[in-house]
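Read the structure below first, then the notes.
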Amino acid sequence: MEPLRAVKGMNDLLPAEAGRFQAVEAAMRRAFGLAGYGEVRTPVVEEAALFSRSIGEETDVVGKEMYVFPDRHGKSLALRPEGTAGAVRAYVEHGVGGQDPLVRWWYAGPMFRHERPQKGRYRQFHQLGAELFGAAAPEADAELVGLVHELLQRLGLRDVVLQLNSIGDDACRPVYTRSLQEYLRAHAAELCEDCRRRTEKNPLRTLDCKVPGCRAVLAGAPSVQASLCEACRGHFEAVCGHLSALGVPFETNDRLVRGLDYYTRTTFEFLAKGELGSQNTVAAGGRYDKLVEQLGGGAVPAVGFAAGIERLVLALGPPADAAPGPELFVVPLGEPAKRAALGIAQAARRTGLATEIDVRGGSVKSQLRRADRAGAAFVVVLGDQELASGRVKLKQMGTRGKGRPGDEAEVALSELSSSVRAALG
RNA sequence: GUGGAUGUAGCUCAAAGGUAGAGCACCGGACUGUGGCUCCGGGUGUUGUGGGUUCGAAUCCCAUCUUCCACCCCA
């Protein structure tokens, strides 16, 4: 019988790694919670139309990477490929912006894209992100980007570069797109096949093509930043100004366009050097002033971002600390002791002591060896003598405690927990 | 989705057509109620999977899966 395996590109997170995920999420909760962001949890499954309408039918994410399937009634559902669409849907559905459109949310959870897996890229991956609804002002962009920076700082992530761009709004983007398109058509012969296709479908995407010939052509292409309308230029400059004032280092990148159609004005990306190979974008986002309206809500401007938890964990490098072992390890000997031991361990836990019990039993020797390997700070051996006298010996195993390894102290069984706590210092 | 690598014990890796091994880890014992150090003992395995060639396959061939790299794209 061939054993079943996890689906390609979908990974188990064993406790050690789950702990690293938790640490990243805790930093998120802290950094954004302090700024007034509340957690939102939306379903992993949505109607497929939500994503095709928001992210864009023509994008790779929707067009070739989305997990789509009919439910039992034939309705087309999808596993979410990103978090913003669902958050916006929830914002609209619950009318949370009814009284005051300004709402701050963060989220964390699994996302799904059917891509070829690689390091830092998986079919089920995890993102955390935030959305700031209801503010068109550049201060909103700066708050959000500043908080992402803060998050990365809290995580201790060095060697991260923030790139910033503005891709304009309804007023100036179409104008820019047209002039770019004209330019591209004029140089069609020098472009790669993909870029010739992009010229008609999504000209902005040619900007980050990596083919040398295309790069050469694009070097002479009109610049987005130079074609921004007055309002967009002012917004962009204000965002840059705020970030400088915040002490958030960044560089502008005229070529930074994102793969999702809903962005307007600000787009940004945090790139990490090191462990990540070519999947080095660790967080990214931008402003989406039309999306809420597009999904049936009011004219509510918004900014958001998402970060890949796997990529953050990879970028952080090898884990620093192994989980500490239990504070108390209970070693029962003989049947009467086994009957009493579970209750004694539970009583210790109720006082807040991390307490493990050797449920396999065996000789004192083997149980002590297990206690040692579990990294226990103290061990209590429970045999007939101890149960009869109500006195137990508390043994210090490692260096976690006030005494030396091997020290034993006789204490009353009824005061086991307080004795351990006192001995831990 | 395209191209290229990869897979042997829990981990890191040997074994280049002739009975699958080492180190670490793990389990047990010496010490029958006291861990670590030492010594002794134990290989814990469907060589990713399925076929094929061969007297004989971890090794050669085909297929498939996984992971990894580059591309595409993205967090």
*Rounded to whole angstroms, how far apart are CZ on A:Phe378 and C1' on B:G36?*
16 Å
*Rounded to the nearest angstrom, tell me the gap between atom CZ in A:Arg391 and atom C1' in B:G33.*
18 Å
*Of the nucleotides B:G33, B:C68, B:C72, which has the atom closest to the A:Tyr122 side chain?*
B:C68
*Starting at the 5' end of RNA chain B and moving along, which residue's nearest nucleotide shows up first, A:Glu386 or A:Lys64?*
A:Glu386
*Taking only heavy atoms on the protein side, list every residue of residues 355-376 of chain A lying under 4.0 Å from any atom of RNA chain B, sorted numerically.*
A:Val364, A:Lys365, A:Ser366, A:Leu368, A:Arg369, A:Arg370, A:Asp372, A:Arg373
*Are any of A:Arg205's side-chain N or O atoms less than 4.0 Å away from OP1 or OP2 of B:C74?*
yes
*Within this structure, what is the NZ-to-P distance between A:Lys119 and B:U67, rounded to whole angstrom?*
14 Å
*Could you check how far CG of A:Leu256 sits from P of B:C74, rounded to whole Å?*
11 Å
*asked:* Applying ring-ring contact (aromatic ring centres under 6.0 Å, His included) as the test, list every pair that has at least one member in residues 403-425 of chain A; sequence neighbours left out.
replied: none
_Option among A:Thr264, A:Asp141, A:Thr266 that satisfies the side-chain hydrogen bond (donor to acceptor under 3.5 Å, both in side chains) test with A:Arg287_ = A:Asp141
*Which one, B:G36, B:G1, B:G33, comes nearest to the side chain of A:Pro405?*
B:G36
*What integer distance in Å separates A:Gln163:CD from B:C74:P?*
15 Å
*Ignoring hydrogens and angles, are the base of B:U34 and the side chain of A:Lys395 linked by a donor-acceptor pair under 3.5 Å?*
yes
*How far does the P atom of B:C61 sit from the matching atom of B:G17, given to the nearest Å?*
13 Å
*asked:* Output one letter per nucleotide in nucleotides 4-9 of chain B: B when a protein non-hydrogen atom lies under 4.0 Å from the base, S when only the sugar-phosphate is that close, - when neither is.
replied: ------
